[in-house]
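Owing to the predicted nature of the structure, the values given are computational and were not obtained by experimental measurement. Only this structure's heavy atoms are used, side chains among them; waters, hydrogens and symmetry mates stay out.
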Amino acid sequence: MRRHVPRRHVTVAVGALALTLGLSACGSGSGSGGGDGDTLTVGATPTPAGEVLTYIKQNLAKKKGLDLQITEFTDYVTPNTALQEGSLDANLYQHAPYLEDFNKSKKTELTPVTEVYLPPMGVYAKKTKDVTELPAGATIAVPNDTTNEGRALELLASKGVIGLKKGAGANATPEDITSNPKKLTVKPLEPAQLPRSLEDVEAAVINNNYALDAGLSPKKDAILLESPKDNPYNNVLAVKKGDEDDPRVRKLAELLTSPEVKQFIEDKYKGSVLPVVAS
């Protein structure tokens, strides 16, 4: 695992506080999370995962006999830590490559249950309308976690803004840049800070959930947006290894991939988040 900037410790602390408050407010689930009956405690970032889960809780869960409790987090580390330690029964917020890298680096045993939606990553800028028109010497902020940094660099490379070493893929780092015709500066930042960084940089590659939280519309505001075709970054419902066939988890997986949730995602996000369920 590559370097972690000190700033991450601040964000993790916020996530830990969210966990404490969230579990106090929501109660604890059954199974690995403790509790009774069909209660399932699920961790999520607020948007879109938290909103999708809230829709299920308010409209669909009761009919399935599922008591869904939602705990929200503001970072990408604590929801997995809480799941591994048993404070959560499941989480929804991450793509499979991030989950795989997290397992390797943190020695956790978490596994995906089902793909739910694609939150396309986008490039945003205050003054530029096309990523190829960024000025020479511009600074572009990117996420600083392993897989999302590589994902951001791949997105930039897809338009020829930079060139990457062959085979670098999702694990690409700024050191893997082989061509940089405009002499751009790539600045890794904590993902949650990327929307705010637009005040100080010429462009930023922002994860979908943080873009939506900041009031940005990926479909309308991004100057470059990921294509859904053959995209490996669909967000997944994840559990601790061995809990894949928990009846409560299977109920939630069915609801997350139901026609009702597909319609909710399409109506609410209008192309800024794409359901995995086929039309």
### Test: Arg151 and Glu226 ion pair at under 4.0 Å
yes
### Any side-chain donor near an acceptor of the partner, Tyr93 and Asn80, under 3.5 Å
yes
### Query
With the threshold set at 4.0 Å, does a side-chain nitrogen-carboxylate oxygen contact exist between Arg250 and Glu244?
no
### Task
Check whether any side-chain heavy atom of Val273 sits under 4.5 Å from a side-chain heavy atom of Thr47, and report yes or no.
no
### Task
Establish, from distance only, whether the side-chain atoms of Asp101 and Thr147 form a donor-acceptor pair under 3.5 Å.
no
### Query
Can you check whether Lys219's main-chain N or O pairs, donor with acceptor, with Ser272's side chain at less than 3.5 Å?
yes
### Task
Quick one: closest heavy-atom pair of Ala152 and Val205, and the distance?
CB-CG1, 3.5 Å
### Message
Please check: side-chain N/O of Lys251 versus main-chain N/O of Lys64, any donor-acceptor pairing under 3.5 Å?
### Response
yes
#### Entry: Exercise: do Tyr76 and Asn209 side chains pair donor with acceptor under 3.5 Å
yes
### Message
Under 4.5 Å between side-chain heavy atoms, counting indirect links through other Ile/Leu/Val/Met/Phe/Trp/Tyr residues: same cluster for Tyr210 and Phe102 or not?
### Response
yes
### Check ion pair Glu266-Lys270 (N to O, under 4.0 angstrom)
no
#### Entry: Leu156 and Val123, any side-chain heavy atoms less than 4.5 Å apart
yes
### Query
Are side-chain heavy atoms of Met121 and Pro143 found at a separation under 4.5 Å?
yes
### Message
Are Tyr117 and Phe264, when compared by the centres of their aromatic rings, separated by less than 6.0 Å?
### Response
no
### Task
Check Pro46 against Asp213 and note the closest heavy-atom contact, atom names and distance.
CB-OD1, 4.3 Å
